[in-house]
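Let me begin by presenting the structure, written as structure tokens, before commenting on it.
Owing to the predicted nature of the structure, the values given are computational and were not obtained by experimental measurement.
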Amino acid sequence: MTGKEKTKEQLMDELVKLRQQITELQKSETKYRQIEEALTESEEKFRVIVEGITDGIQIETVEGRILECNTAGAKIYGYTKDEMIGLTLGDLVPEEFAKILPPIITEKETTHGIFLPRISKKKDGTIFPTEIASKIINIAGKPRLIAYIRDITKRKKAEKKLKKARKLFASLFESSPEAALYYDKEGGIISINSRFTEIFGYTLEEIRGRDINEGMIYPKGKTEEGERLSKKVLKGVINYETVRKKKDGTLIPVIISASPVIIDEKPQGIIVLYRDITERKKLEEKLQKLAHYDVLTGCCSRGHGLALLEQQIKTANRRKTPILLLYLDIDDFKYINDTFGHKEGDMVLKEGVKLFKFTLREIDIICRIGGDEFLLVFPDNSLNNAPLIRKRLSKNLEKLNKKLAKPYKIDFSIGLSYYNPSNPLSIEELIKIADDNMYEKKKKKKEGF
């Protein structure tokens, strides 16, 4: 049937079909354009992402020739992107390493995506450290090597600096004149220095890994103190005087200086320095003894003796008990000094104090007031006890003179005073009464009574 012979209905059907075909073509074109735009957008996004990565990215042939790289990758080696295209792996490594590169890179020569250290070479010949991760992938049906490169020059410098700092720390730690101990925030001992071994007796092998709060260096009753100090030092530096224990059980006085080890702004451990202050304590005790006790005779000095008397008066007032005081001096002491020498006089003073200590109770106080004068204090004693005390002193003095067998006799003049809580007197009044009483007795001796 010719076109002329087609009916009007047939022509209309053909026209509808044609319009449908045109619409389908238009839809296909729109879809293709959308796909094309999406691909373009994806490519742009991929390019932006790749260009934004600070690591270098290279796409290479399996023979090692560079097909594509990002800006960061070119910058790492000192080239432009255009200069990088066409270079080989041999151009980016030192000559000695380039000689051993395989002609074809197989899966065996890759790092399987794991970063491994490698030495690289810049455009100007500078050798620098890098990390390389490589893997073979298929692109458009062809094997390609994709490589990720990191310049680790700064990191290596930082590691070198850190290593140097650690060596310095280790050197300072070991050479510290104080005993040093380093433990983590859980209390596990990490290290000690040789001075710690010298003072405490423990070697690093014996102590490493043990809990500082086990008590190995804590005396009995000090473990809780140690735990408290460990918690406190995590908040800041501390200085503390206490007692610690050696391996053999000997106790030593120490000053502890401790500070937290801060890593990433958080305390990760503690360094403790122990200063042995045994000699200082001995010196302090010696100085205290010099301040409180008479150097020649070993009895209380005037100041310390009067301070003890003051304490006894307070106790007597509280308990309503009396105190007996004897004030005495050595008769003819000047004659002994002038005739037989001061060394002999010193011997008489020392023998006199020995006599007092032998005669008196432990709670009684022997005080050298000055020269050959002494004050004896008898807590919880009244005048009624004075005759008995005098008698004991006289008896022991007689024995002493016989033992010494000197061309002179040691003798005392004694004066009494008495503290009564119901009629209290000051220390000055008590001493004056006893002193006056003593000189009255001495005067009577000289007059032959």
Side-chain angles (χ1 to χ4, degrees), residues 169-262 267-295 298-301 303-305 307-308 310-311 314-315 357 362-363 365:
F169 167 78
S171 176
L172 291 172
F173 184 83
E174 175 56 34
S175 61
S176 169
E178 316 296 353
L181 183 145
Y182 176 32
Y183 62 94
D184 60 35
K185 61 182 180 179
E186 283 77 34
I189 296 172
I190 297 171
S191 186
I192 58 173
N193 69 350
S194 56
R195 179 62 175 156
F196 186 95
T197 301
E198 182 182 334
I199 290 178
F200 288 95
Y202 289 99
T203 63
L204 181 58
E205 290 71 23
E206 290 176 305
I207 207 169
R208 181 191 281 136
R210 295 177 65 177
D211 190 337
I212 185 65
N213 294 317
E214 273 184 31
M216 70 199 82
I217 63 170
Y218 295 156
K220 188 176 181 181
K222 291 288 185 179
T223 302
E224 188 177 337
E225 174 197 83
E227 292 174 352
R228 186 177 71 253
L229 291 177
S230 291
K231 290 177 182 178
K232 188 176 180 181
V233 75
L234 288 173
K235 299 176 182 178
V237 178
I238 66 163
N239 287 283
Y240 191 79
E241 185 173 322
T242 185
V243 177
R244 287 295 179 258
K245 182 179 67 175
K246 293 185 178 185
K247 184 179 177 181
D248 63 8
T250 305
L251 300 184
I252 54 169
V254 295
I255 288 181
I256 294 175
S257 299
S259 59
V261 176
I262 306 297
Q268 300 297 326
I270 294 171
I271 291 179
V272 188
L273 300 179
Y274 300 90
R275 185 186 306 166
D276 183 352
I277 56 172
T278 301
E279 293 304 316
R280 195 192 82 181
K281 284 294 182 181
K282 287 179 180 178
L283 179 60
E284 286 175 357
E285 289 173 6
K286 187 176 180 180
L287 291 173
Q288 187 178 37
K289 191 172 181 180
L290 288 173
H292 289 175
Y293 297 93
D294 180 57
V295 177
C299 67
C300 293
S301 64
H304 185 49
L308 293 177
E310 186 176 4
Q311 292 176 8
K314 290 179 181 178
T315 303
K357 289 181 178 179
E362 285 190 15
I363 64 169
I365 300 167

List the steps and the verdict of side-chain contact (heavy atoms from CB on, under 4.5 Å) for Ile189 and Met216. CA-CA 12 Å; Ile189 296 172; Met216 70 199 82; 4.1 Å; yes

In Å and rounded to the nearest 0.5 Å, what is the CD1 to CG distance from Ile256 to Leu229? 6.0 Å

For a quick test of reading the model, state the closest non-hydrogen atom pair linking Pro260 to Val237 and the distance between them. CD-N, 4.3 Å

Does a side-chain heavy-atom distance below 4.5 Å link Lys220 with Lys245? no

Going by atom types alone, do Thr242 and Glu225 pair a side-chain donor with an acceptor below 3.5 Å? yes

Step by step, would you call Ile207 with Phe200 a side-chain contact (heavy atoms from CB on, under 4.5 Å)? CA-CA 11 Å; Ile207 207 169; Phe200 288 95; over 6 Å; no

Go through the steps to decide whether Glu285 and Lys282 satisfy the test salt bridge (Lys or Arg N to Asp or Glu O under 4.0 Å), and finish with yes or no. CA-CA 5 Å; Glu285 289 173 6; Lys282 287 179 180 178; over 6 Å; no

Does the side chain of Ile255 reach to within under 4.5 Å of the side chain of Arg280, using non-hydrogen atoms? yes

Closest heavy-atom pair and its distance - Ala179, Ile199: CB-CD1, 3.9 Å

Quick one: does Glu279's side chain get under 4.5 Å of Leu283's, heavy atoms only? no

With the side chain counted from C-beta on, respond yes when Glu206 and Lys247 share a heavy-atom pair under 4.5 Å apart, and no when they do not. yes

So OH of Tyr274 and CZ of Phe196: to nearest 0.5 Å the spacing works out to 6.0 Å

Do the side chain of Ser301 and the main chain of Ala291 share a donor and acceptor less than 3.5 angstrom apart? yes

For the student: nearest non-hydrogen atoms of Ser176 and Leu273, plus distance: OG-CD2, 4.0 Å

How long is the gap from CD1 on Ile363 to CG on Leu308, to the nearest 0.5 Å? 12.5 Å

Describe, in one word, how the ring planes of His304 and His292 are oriented to each other, choosing from parallel (under 30°), tilted (30 to 60°) and perpendicular (over 60°). parallel

Can you tell if the side chain of Thr278 reaches within under 4.5 Å of the side chain of Pro253, non-hydrogen atoms only? yes

Of all the heavy-atom pairs spanning Lys222 and Val243, show the shortest one and how long it is. CG-O, 4.4 Å

Counting distance only, does the side-chain N/O of Asn193 pair as donor-acceptor with the main-chain N or O of Phe173 below 3.5 Å? yes

Carboxylate-amine/guanidinium proximity below 4.0 Å for Lys281 and Glu284: yes

Reported CG-to-OG distance for the pair Asn213 and Ser230, which is rounded to 0.5 angstrom: 4.5 Å

How about Tyr183 and Asp211: does a side-chain donor come under 3.5 Å of a side-chain acceptor? no

Short question: side chain of Arg195, backbone of Glu178 - any donor-acceptor pair under 3.5 Å? no

What are the two closest heavy atoms between Ile190 and Leu204, and how far apart are they? O-CD1, 4.0 Å

Give, for atom CD1 of Ile192 and atom CD of Glu198, the distance between the pair rounded to the nearest 0.5 Å. 12.0 Å

Are any non-hydrogen side-chain atoms of Val261 and Asp184 less than 4.5 angstrom apart? no

I'd like to know whether CD of Glu224 has more than 12 heavy-atom contacts from other residues, nucleotides or ligands below 6.0 angstrom. no

Give me the atom names and distance for the closest heavy-atom approach of Ile217 to Pro219. O-CD, 3.7 Å

Note, Cys300 side chain near Tyr293 side chain (heavy atom, < 4.5 Å): yes

I'd like to know whether Glu227 forms a salt bridge (Lys or Arg N to Asp or Glu O under 4.0 Å) with Lys231, so could you lay out the CA-CA distance, the side-chain angles of the two residues, the decisive distance to 0.1 Å, and finally the verdict. CA-CA 6 Å; Glu227 292 174 352; Lys231 290 177 182 178; over 6 Å; no

How long is the straight-line distance from CG of Leu234 back to NZ of Lys185, given to the nearest 0.5 Å? 8.5 Å

